[in-house]
Chemist: 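I'd like to ask you about the structure that follows.
Convention: sequence-line order gives letters A, B, ...; per-chain numbering from 1. All values below were derived from every heavy atom in this structure, side-chain atoms included, with hydrogens, water molecules and symmetry-related copies excluded.
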Number of protein chains: 2
Amino acid sequence: MTTKAAIIPESPSEQTFRALLKTMGMMRRVMEPYFSRFGISGSQWGVMRALWFADQVGEASVRVTDLSDRLLIRPPSVTTVVDRLERQGLVLREGSPSDQRVKEVRLTDAGRKLVRRVLHGHTAQIETLLDGLSGSELQALLQSLERLNSHLESMHEGVGDGHHLRKNGKTNRKDYEVD
Amino acid sequence: MTTKAAIIPESPSEQTFRALLKTMGMMRRVMEPYFSRFGISGSQWGVMRALWFADQVGEASVRVTDLSDRLLIRPPSVTTVVDRLERQGLVLREGSPSDQRVKEVRLTDAGRKLVRRVLHGHTAQIETLLDGLSGSELQALLQSLERLNSHLESMHEGVGDGHHLRKNGKTNRKDYEVD
DNA sequence: AGCGTTTAGTTAGTTTCCTAAATACCAGTT
DNA sequence: AACTGGTATTTAGGAAACTAACTAAACGCT
């Protein structure tokens, strides 16, 4: 180790970026086993959660495109996850009468029951995940992430690296408001 | 919407968790096109970066298991990424003389050249990604993530959900120190 | 020396994500 | 009414991650 000099000059941005990657990887490793106790994956949970919350707001079913927007995954990915959930009898797909192109996805009774079971421990699970941080630190982290996210969102418009992400459309869903 | 009441009571932890998911998704969407300009993926970059930094520290090659530890992905995943890199002539695998089981992976000249090209714009790219945050905010974010990560790491020991992650072993690598 | 256990890596098979392209339908124009 | 352009979803194909199970080599203990 004569080379003590030339050692990795990482910028704060790079360090943060890598820390973020690491956090993600580790969270998935912790969460995935939790979901698998219920026979579903994290992605499947994402869909079910979205459908559940839509339901809570009086929106009994959600179209594939809306799921794609809300979950930040592309429509083909939604299709495959929904396929699997449908095979498991947790959701179902039905054509919309007003527009023959759209497929509305909604929870079955079994699906709703499972969501309730998962939600039961879910909050505690995530609480545990994050309880290495104090309340105020958590607050600060959330704020930073939100700012970061809106920055990333604004970058998304002018990406131009070949594919344009249709970005937006009329997801006039008003998003979820926390009561 | 007579149901104004029962609307989604998300805890700060949950919000943070979801914000984190969102950040990840968006960062990948922005970074992936960057790497693909060089004919590689983000995962491939991860491996090359690790090899590069090892090299900088005088460690010409890295064994698969060490890559797995450093990148936080399982050995089979390392195998497939290295396979692809090897096919592209960017890295090569060679058996260790001291232990016939281990495979040492290292960059080829072409690989090193590519790393230099990628690194050139890499920092700027990440800088852009994160420049929605002020310097101090970035600092705070990094600190929170690091604390969070060590918390998650400590959780990892006592997971017990079926698989134990060998966790640790002699990765007495001292990790990379920033000069 | 020999037998069982552990460790390193790969193979097999599944899931989730992606892009590109196909299909089906809607809507406005001529 | 037919065409053209745009939107919703699926299909096809590929990459990366995982677990489980396998092979090969090393260790270690009697």
Chemist: With no hydrogens and no angle check, is any side-chain donor or acceptor of A:Ser68 less than 3.5 Å from a backbone partner on A:Ile73?
Modeler: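 Yes: the side chain of A:Ser68 pairs with the backbone of A:Ile73.
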Chemist: In whole angstroms, how far is the P atom of C:dG9 from the CZ atom of B:Arg93?
Modeler: 10 Å
Chemist: Whole angstroms only, please: what is the CD-P distance between B:Glu94 and C:dG9?
Modeler: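 After rounding, the reported distance stands at 13 Å.
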Chemist: At 4.0 Å (heavy atoms only), tell me whether A:Gln44 reaches a base, stays on the sugar-phosphate, or touches nothing.
Modeler: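 Contact class for A:Gln44: sugar-phosphate only.
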Chemist: Whole-Å distance between C:dT7 C1' and B:Asp69 CG?
Modeler: 13 Å
Chemist: Is the closest side-chain donor-acceptor distance between B:Glu104 and B:Ser96 under 3.5 Å?
Modeler: no
Chemist: Measuring from the side chain of B:Pro76 (C-beta onward, heavy atoms only), which nucleotide among C:dG9, D:dT10, D:dC18 has the closest atom?
Modeler: D:dC18
Chemist: Which pair of non-hydrogen atoms, one from B:Leu142 and one from A:Ala19, has the smallest distance, and what is that distance?
Modeler: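 Closest approach of B:Leu142 to A:Ala19: CD1-CB, 4.0 Å.
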Chemist: Atom CD of B:Glu86 to atom P of D:dA15: distance rounded to whole Å?
Modeler: 16 Å
Chemist: State which of C:dC18, D:dT9, C:dT10 makes the closest approach to the side chain of A:Thr65.
Modeler: D:dT9
Chemist: Quick one: which of C:dC26, C:dT16, C:dT7 gets closest to the side chain of A:Gln100?
Modeler: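 Among C:dC26, C:dT16, C:dT7, the one nearest the side chain of A:Gln100 is C:dC26.
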Chemist: May I ask you to decide if A:Met31's main-chain N or O and A:Gln125's side chain share a donor-acceptor pair within less than 3.5 Å?
Modeler: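 Side chain of A:Gln125 to backbone of A:Met31, a donor-acceptor pair under 3.5 Å: no, none is there.
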Chemist: At under 4.0 Å between heavy atoms, what does B:Ser43 touch on the DNA or RNA strands: base, sugar-phosphate, or nothing?
Modeler: sugar-phosphate
Chemist: Between D:dA26, C:dC18, D:dC18, which one does the side chain of A:Arg28 approach most closely?
Modeler: D:dC18
Chemist: Please determine if a side-chain N or O atom of A:Ser77 lies less than 4.0 Å away from the OP1 or OP2 oxygen of C:dT16.
Modeler: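 No, outside the criterion.
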Chemist: Using a cut-off of 4.0 Å on non-hydrogen atoms, how would the nucleic acid contact of A:Val81 be classed: base, sugar-phosphate, or nothing?
Modeler: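 The answer is sugar-phosphate, as A:Val81 gets under 4.0 Å only of primed atoms, P, OP1 or OP2.
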Chemist: In whole angstrom, what separates A:Met24's CE from D:dA16's P?
Modeler: 17 Å
Chemist: So, does A:Arg29 get its side chain near the phosphate of D:dC18, meaning an N or O under 4.0 Å from OP1 or OP2?
Modeler: yes
Chemist: Rounded to the Å, how far apart are B:Glu104 CD and C:dT10 P?
Modeler: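 Rounding to the nearest Å, CD of B:Glu104 and P of C:dT10 are 12 Å apart.
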Chemist: Going by modelled atom types, is there a donor-acceptor pair between the base of D:dT9 and the side chain of A:Arg101 at under 3.5 Å?
Modeler: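 Result: no qualifying N/O pair found.
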Chemist: Indicate whether OP1 or OP2 belonging to D:dT9 is found under 4.0 Å from a side-chain N or O atom of A:Arg63.
Modeler: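 So the side chain of A:Arg63 is outside the cut-off, no N or O lying under 4.0 Å from OP1 or OP2 of D:dT9.
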Chemist: What is the distance, rounded to the nearest whole Å, between atom CZ of A:Arg84 and atom C1' of C:dC17?
Modeler: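 From A:Arg84 CZ to C:dC17 C1': 12 Å.
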Chemist: Is B:Gln88 reaching over with its side chain to a backbone N or O of B:Gly39, donor-acceptor style, under 3.5 angstrom?
Modeler: yes
Chemist: For the residue pair B:Thr123 and A:Glu14, confirm or rule out a side-chain donor-acceptor distance under 3.5 Å.
Modeler: yes
Chemist: Nearest heavy atom decides the nucleotide; on that basis, is A:Lys103 or B:Gly42 closer to the 5' end of DNA chain D?
Modeler: A:Lys103
Chemist: What's the closest nucleotide to the A:Ile73 side chain, out of D:dA8, C:dC17, D:dA15?
Modeler: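 Minimum distance to the A:Ile73 side chain belongs to C:dC17.
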Chemist: Determine the contact category for A:Ser41: base if any of its heavy atoms lies under 4.0 Å from a base atom, sugar-phosphate if only primed atoms, P, OP1 or OP2 are that close, otherwise nothing.
Modeler: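 Result for A:Ser41 = sugar-phosphate.
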Chemist: Let's see if you can work this out: which of D:dC18, D:dT9, C:dC26 has an atom nearest to the side-chain heavy atoms of A:Asp99?
Modeler: C:dC26
Chemist: Side chain of A:Pro75 only, please: which of D:dC18, D:dT10, C:dC25 is the nearest?
Modeler: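 Selected nucleotide: D:dT10.
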Chemist: Rounded to the nearest Å, what distance is computed from the CD atom of residue A:Glu32 to the P atom of nucleotide D:dT19?
Modeler: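 Rounding to the nearest Å, CD of A:Glu32 and P of D:dT19 are 9 Å apart.
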